[in-house]
Amino acid sequence: VHIKEIELSNFKSFGGTTRIPLMPEFTVVSGPNGSGKSNILDALLFCLGIASSKGMRAERLPDLVNHNQTNRKSTVETSVTVTFDLGSEFPPSHPNNDNNGNGSQPEEESDPSLEWRVTRRLRVTKTGSYTSNYYLNGEAVTLTELHEKLNELRIYPEGYNVVLQGDVTSIISMNPRERREIIDELA
Amino acid sequence: VHIKEIELSNFKSFGGTTRIPLMPEFTVVSGPNGSGKSNILDALLFCLGIASSKGMRAERLPDLVNHNQTNRKSTVETSVTVTFDLGSEFPPSHPNNDNNGNGSQPEEESDPSLEWRVTRRLRVTKTGSYTSNYYLNGEAVTLTELHEKLNELRIYPEGYNVVLQGDVTSIISMNPRERREIIDELA
Amino acid sequence: RLQAFKEAFDAVNENFSTIFAELSQGDGYLQLSDEEDPFNSGLNLVAHPKGKPVQRLASMSGGEKSLTALSFIFALQRYRPSPFYAFDEVDMFLDGANVERLSKMIAHQALQAQFIVVSLRRPMIESAKRTIGVTQARGAYTQVLGLKLQHQESSS
Amino acid sequence: RLQAFKEAFDAVNENFSTIFAELSQGDGYLQLSDEEDPFNSGLNLVAHPKGKPVQRLASMSGGEKSLTALSFIFALQRYRPSPFYAFDEVDMFLDGANVERLSKMIAHQALQAQFIVVSLRRPMIESAKRTIGVTQARGAYTQVLGLKLQHQESSS
Ligand SMILES: Nc1ncnc2c1ncn2[C@@H]1O[C@H](COP(=O)(O)OP(=O)(O)OP(=O)(O)O)[C@@H](O)[C@H]1O
Ligand SMILES: Nc1ncnc2c1ncn2[C@@H]1O[C@H](COP(=O)(O)OP(=O)(O)OP(=O)(O)O)[C@@H](O)[C@H]1O
Ligand SMILES: [Mg+2]
Ligand SMILES: [Mg+2]
């Protein structure tokens, strides 16, 4: 299982719709300060419902809508879609033909039923009130239902698989009981 | 005015006595992780009495004594001396003969009376109780007297001239009133 | 339940020792504050980077803390991998040699799970299989460029 | 007293704008929450890096926050210089281009005061007048080496 693509619409510094295709294995995201790197990770957390607005450096959820949009229409909207490829085995089942694992022919025809598309849409009215909805493969789900499904893929809301900017040493400063509870979860 | 030398005895990762001569203008301290770079700044804060033990990453002051010492004698001791050169003008008064400003002939013969030597000595007994004393040019002074003297050189305990590791953005996260008080101090 | 915890703890502990030795050239292990009653105790990370004597976690340097924390995260991963890992500048306290070591470790772990790593450091960019460039021209939106990785010039 | 505050505020504000423009290629200024009653108000840093529209300080990126904070520190220094400044890895969030810009700014400010800067980044090491190397062999004490700066190999 891996993330095949992240699609951002009017999310923070991303205007319009931006699609970011991702490969399995090791990808680095680099670029100048302030260009939008951390915003991509914020988009991931937003979509999977695994961070509060504080974790995405926004005072309130409506701050996540691209600023240029807020001046225009009555209702503005931002949405993020994360597509998981369930089909790819990890590690690739035939390591000796590495070429295939890298996205050549077989990957292109991956069976759409072996994909999960998670979408979160945030609508903000002129008065500042907002609604936020989650969808799994097009069908509306609650956050709890989404988290149950993600648990099947071993994606946990408090999972240690996401480390935000500046947080790398937070495991050292957390209290020892909380650290022990991490092992409880895994057991 | 500038710091001419820092001398560390049994302070944190520094065993024995280490003298670090410093020049005016721009000096970089570099080296591998964990080699003792931040400990030099901790020594500066310790000596001038401008940080709590927490600011020096020690639970209690006795943790500042080099570990290898604590196993040996009954009373162990650590001390740091910071020597200020009051003679050098800032900026150097004759910019065109920059060679002189860099520590060649005239600087070597700087008049000792134009120096201030600040020393702090920490003694820890076997039972863990400790005494800490400050000296200015060899004479014992209280922390308040030392701070009054340092204020004459424009060195303030809460001065923004020292930024510890990981703290660079703390000015951004402090509350606006505290920020305004910084200007009050300067006025 | 106790059995399951014991099994998890032993596996993660073993992983932590191996990974920490590789990243920090020292020895480290996990310790429960009360072995008899694990569900009531805390978990401590005991780590001696480069063979230094025992030290409290809080007195470690920025770089040493980062490598200790990352060793723990990788130790958890080896026991129960998540499908993806997203790290945002976890190399910011590390010197050049440690960034190299960390990037090799990530490249190795990435055979088991997807790693998306935001970094500004050259050794990290050079070890990745693929680089995504991000930029924002004055007054414009964020642009994303996909780059097939060859030896590219990057910021230091 | 009000007079003295006003004079200090105006001078630091002007310094902040100039320095921020140089470091972040944008415009920034200081703003009191209540101009009429300064002693009861807070001080806000308003900063638009690279000409971006208004943003809250909290939503800035790590690099943008660092440059804004440093601009404020330098603005204070130009008004009332301290004899020395000690910075510990203030460049940790910065990309290569911003480390270059910051190191040039420090080299310039260092004509007015002494700067002691701990850094692991190449552009910072190369701009310094002098470098002090620090190392600790396995199981030994910290050793300090004074190096006259020429183009030396350093970690990235
Ligand atoms: N709702 C929004 N609309 C437009 N821009 C926004 C919005 N929210 C945040 N931003 C902008 O996004 C930028 C921050 O992007 P981000 O934190 O991703 O940068 P980065 O590439 O991670 O930089 P660094 O290397 O400094 O960490 C800020 O300049 C901020 O103004
Ligand atoms: N009392 C002490 N006796 C001996 N060693 C100590 C003492 N206190 C701290 N240390 C050691 O000093 C080291 C930390 O040094 P320091 O924080 O200065 O490193 P650094 O060069 O700043 O590294 P980094 O680049 O990772 O920030 C730690 O390994 C710690 O164990
Ligand atoms: Mg960032
Ligand atoms: Mg340090």
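No hydrogens, no waters, no symmetry mates; every other heavy atom, side chains included, goes into these values. In what follows, chains carry the letters A, B, and so on, assigned in the order in which the sequence lines appear, proteins first and then strands, with residues in each chain numbered from 1.
- Under the rule for a salt bridge (Lys or Arg N to Asp or Glu O under 4.0 Å), B:E178 has no partner lying at least two apart in sequence or in another chain.
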Between D:F84 and B:V1, does a side-chain contact (heavy atoms from CB on, under 4.5 Å) hold up when you go through it step by step? CA-CA 8 Å; D:F84 74 91; B:V1 181; over 6 Å; no
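- Residue D:V118 is tested with B:I40, B:V28, B:L41 for a side-chain contact (heavy atoms from CB on, under 4.5 Å); the sole match is B:L41.
- The closest side-chain heavy-atom distance from B:T27 to D:K129 is not below 4.5 Å.
- Panel note: side chain D:R80, backbone B:L186; a donor-acceptor pair is recorded below 3.5 Å.
- When the candidates D:L32, D:V12, D:V117 are compared by the number of heavy-atom contacts under 4.5 Å with chain B, D:V117 comes out ahead.
- Annotation for B:I183 and D:F9: closest pair CG2-N, 3.9 Å, computed over non-hydrogen atoms.
- Interface residue D:P38: only backbone heavy atoms are found under 4.5 Å from chain B.
- Heavy-atom neighbours of B:R123 CZ from other residues, nucleotides or ligands within 6.0 Å: at or below the threshold of 12.
- In this structure, no portion of B:Y156 lies under 4.5 Å from any heavy atom of chain D.
- Highest contact tally toward chain D, considering only B:L45, B:N33, B:I182, B:D184, is held by B:D184 [criterion: heavy-atom pairs under 4.5 Å].
- Formation of a donor-acceptor pair under 3.5 Å by the D:R130 side chain with backbone atoms of B:F26 is not found in this model.
- Although no hydrogens or angles enter the test, the distance criterion places a donor-acceptor pair under 3.5 Å between the side chain of D:Q114 and the main chain of B:I3.
- In terms of heavy-atom pairs under 4.5 angstrom with chain B, the leader among D:L45, D:N40, D:L30 is D:N40.
- Few gaps surround CZ on D:R138; more than 12 heavy atoms of other groups in view lie less than 6.0 Å from it.
- Counting only heavy atoms from C-beta outward, the side chains of B:V163 and D:Y85 never approach each other to under 4.5 Å.
- Counting heavy-atom pairs closer than 4.5 Å to chain D, the top-ranked of the candidates B:L22, B:L8, B:T18 is B:L22.
- At most 12 non-hydrogen atoms from other residues, nucleotides or ligands lie less than 6.0 angstrom from CZ of B:R19.
- Proximity to chain D involves both the backbone and the side chain of B:S38, based on heavy atoms less than 4.5 angstrom apart.
- With a 4.5 Å cut-off on non-hydrogen atoms, D:M124 touches chain B through its backbone and its side chain both.
- With a 4.5 Å cut-off on non-hydrogen atoms, D:E7 does not touch chain B at all.
- Heavy atoms of B:N39 lying under 4.5 Å from chain D are absent altogether.
- Residue contact with chain B, scored on non-hydrogen atoms closer than 4.5 Å, involves the side chain of D:F72 exclusively.
- Of the two parts of D:L76, the backbone and the side chain both hold a non-hydrogen atom closer than 4.5 Å to a non-hydrogen atom of chain B.
- For the side-chain contact (heavy atoms from CB on, under 4.5 Å) with B:K37, the qualifying choice from D:L120, D:T142, D:D88 is D:L120, the only one to do so.
- Proximity to chain D among residues 141-154 of chain B is limited to B:L153, B:R154, judged by heavy-atom separations below 4.5 angstrom.
- The shortest distance between side-chain heavy atoms of D:Y141 and B:N68 falls below 4.5 Å.
- For the set B:G31, B:G36, B:S13, the entry with the most heavy-atom pairs within less than 4.5 Å of chain D is B:S13.
- Partners of B:R121 by salt bridge (Lys or Arg N to Asp or Glu O under 4.0 Å), not counting sequence neighbours, listed by chain and number: B:E77.
- Side-chain contact between B:S30 and D:V134 is absent, with no heavy atoms from C-beta onward closer than 4.5 Å.
- Applying a 4.5 Å heavy-atom cutoff, the residues of residues 167-176 of chain B that approach chain D are B:V168, B:T169, B:I171, B:I172, B:P176.
- Side chain of D:S82 to main chain of B:N161: no donor-acceptor pair is present (N/O by atom type, distance under 3.5 Å, no hydrogens or angles).
- The neighbour count for D:E14 CD, taken as heavy atoms of other residues, nucleotides or ligands under 6.0 Å away, does not exceed 12.
- In this structure, B:R180 contributes its side chain and D:F39 its backbone to a donor-acceptor pair below 3.5 Å.
- Heavy-atom pairs under 4.5 Å with chain B peak, among D:G42, D:A107, D:S33, D:A8, at D:G42.
- Looking at B:L44, the atoms closer than 4.5 Å to chain D (heavy atoms on both sides) all sit in the side chain, from C-beta outward.
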